[in-house]
Amino acid sequence: MSPERSTMRPTGTMTAEAAALRHYLDAQRASALAILEGLTDEQLRTAVVPSGWTPLGLVKHLGYAERYWFQTVFGGTASEVPWPGDDENLMTSAHPVAEVFAFYREQCERANDLLATTPLDAKPARGHGNDPDGEVADLRGIALHMIEETARHLGHLDTARELLDGRTGLGPR
């Protein structure tokens, strides 16, 4: 499933709370993709703010964040990335646009599979050094963190889109 606005209902293994968290996370993910829909390859690679990040680089970053929090922190290990040696902290990308978007969608699917089958109070395999308040002490905290992380970057993408072509108010949220 691509990160689209879901109408998740609890299943035999997914609680109502997990379905609600996934619904809101999927809504943020879908908004990120919708904000960028229709931009050219060149526009997706154009930095419009002094820090130099690009819209495509931010999508790559969001994919790495999904991978890090749900696979590395929670699961203890992560799938290989399609670009060995890639600087995941670099907020730009020379990779093909379709590959970056596919990477993001794949990481979202992996996270959704975990949310559908794992209790929210399950503890992560690893800690995160910059979490002094223990906000990500379980899968619930990780899901909430990713909702926050994705929503934070929606504002950045909104601004980039407006500066690139003047369009505003895009996305389902």
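As the structure is a computational prediction, the values presented were derived from the model and not from experiment. One is the number of the first residue; the rest follow in order along the sequence.
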Specify the closest pair of heavy atoms between Pro82 and Phe103, including all atoms of both residues, with the distance to one decimal. CD-CD1, 3.6 Å

For Asp113, enumerate each residue passing the side chain to side chain donor-acceptor pair (under 3.5 Å) test, keeping only those at least two apart in sequence or located in another chain. none

My understanding is that only residues two or more places apart in sequence, or in another chain, count here; which of them pass side chain to side chain donor-acceptor pair (under 3.5 Å) with His61? Glu149, His153

What residues form a side-chain contact (heavy atoms from CB on, under 4.5 Å) with Asp87, not counting sequence neighbours? Asn89, Leu90

Taking all atoms of both residues into account, what is the closest heavy-atom pair of Gln43 and Gly38, and its distance? OE1-O, 4.4 Å

Identify the two heavy atoms, one from Asp158 and one from Leu170, that lie closest to each other, and give their separation to 0.1 Å. OD1-O, 4.4 Å

What one should report as the nearest heavy-atom pair of Pro172 and Ser31 is CD-OG, 3.5 Å

Leu139 and Asp121: CA distance, side-chain angles, deciding distance, side chain to side chain contact (heavy atoms under 4.5 Å, CB included) verdict: CA-CA 6 Å; Leu139 183 57; Asp121 60 354; over 6 Å; no

Main-chain N/O of Thr92 paired to Lys60 side chain as donor or acceptor, under 3.5 Å: yes

Set of salt bridge (Lys or Arg N to Asp or Glu O under 4.0 Å) partners for Glu106, sequence neighbours left out: Arg110

Pairing residues for Gln71 by the side chain to side chain donor-acceptor pair (under 3.5 Å) criterion, not counting sequence neighbours: Ser79, Gln107

Minimal non-hydrogen separation, Leu39 against Asp165, with atom names: CD2-OD2, 3.8 Å

Indicate yes or no for a side-chain donor-acceptor contact from Arg161 to the backbone of Glu37 under 3.5 Å, with no hydrogens or angles considered. yes

Give me the atom names and distance for the closest heavy-atom approach of Val73 to Pro124. O-CB, 3.4 Å

Return the set of residues passing side-chain contact (heavy atoms from CB on, under 4.5 Å) with Arg126 (not counting sequence neighbours), or none when no residue passes. Thr72

Could you walk me through whether Thr54 and Thr46 pass the side chain to side chain contact (heavy atoms under 4.5 Å, CB included) check? CA-CA 5 Å; Thr54 66; Thr46 300; 5.9 Å; no

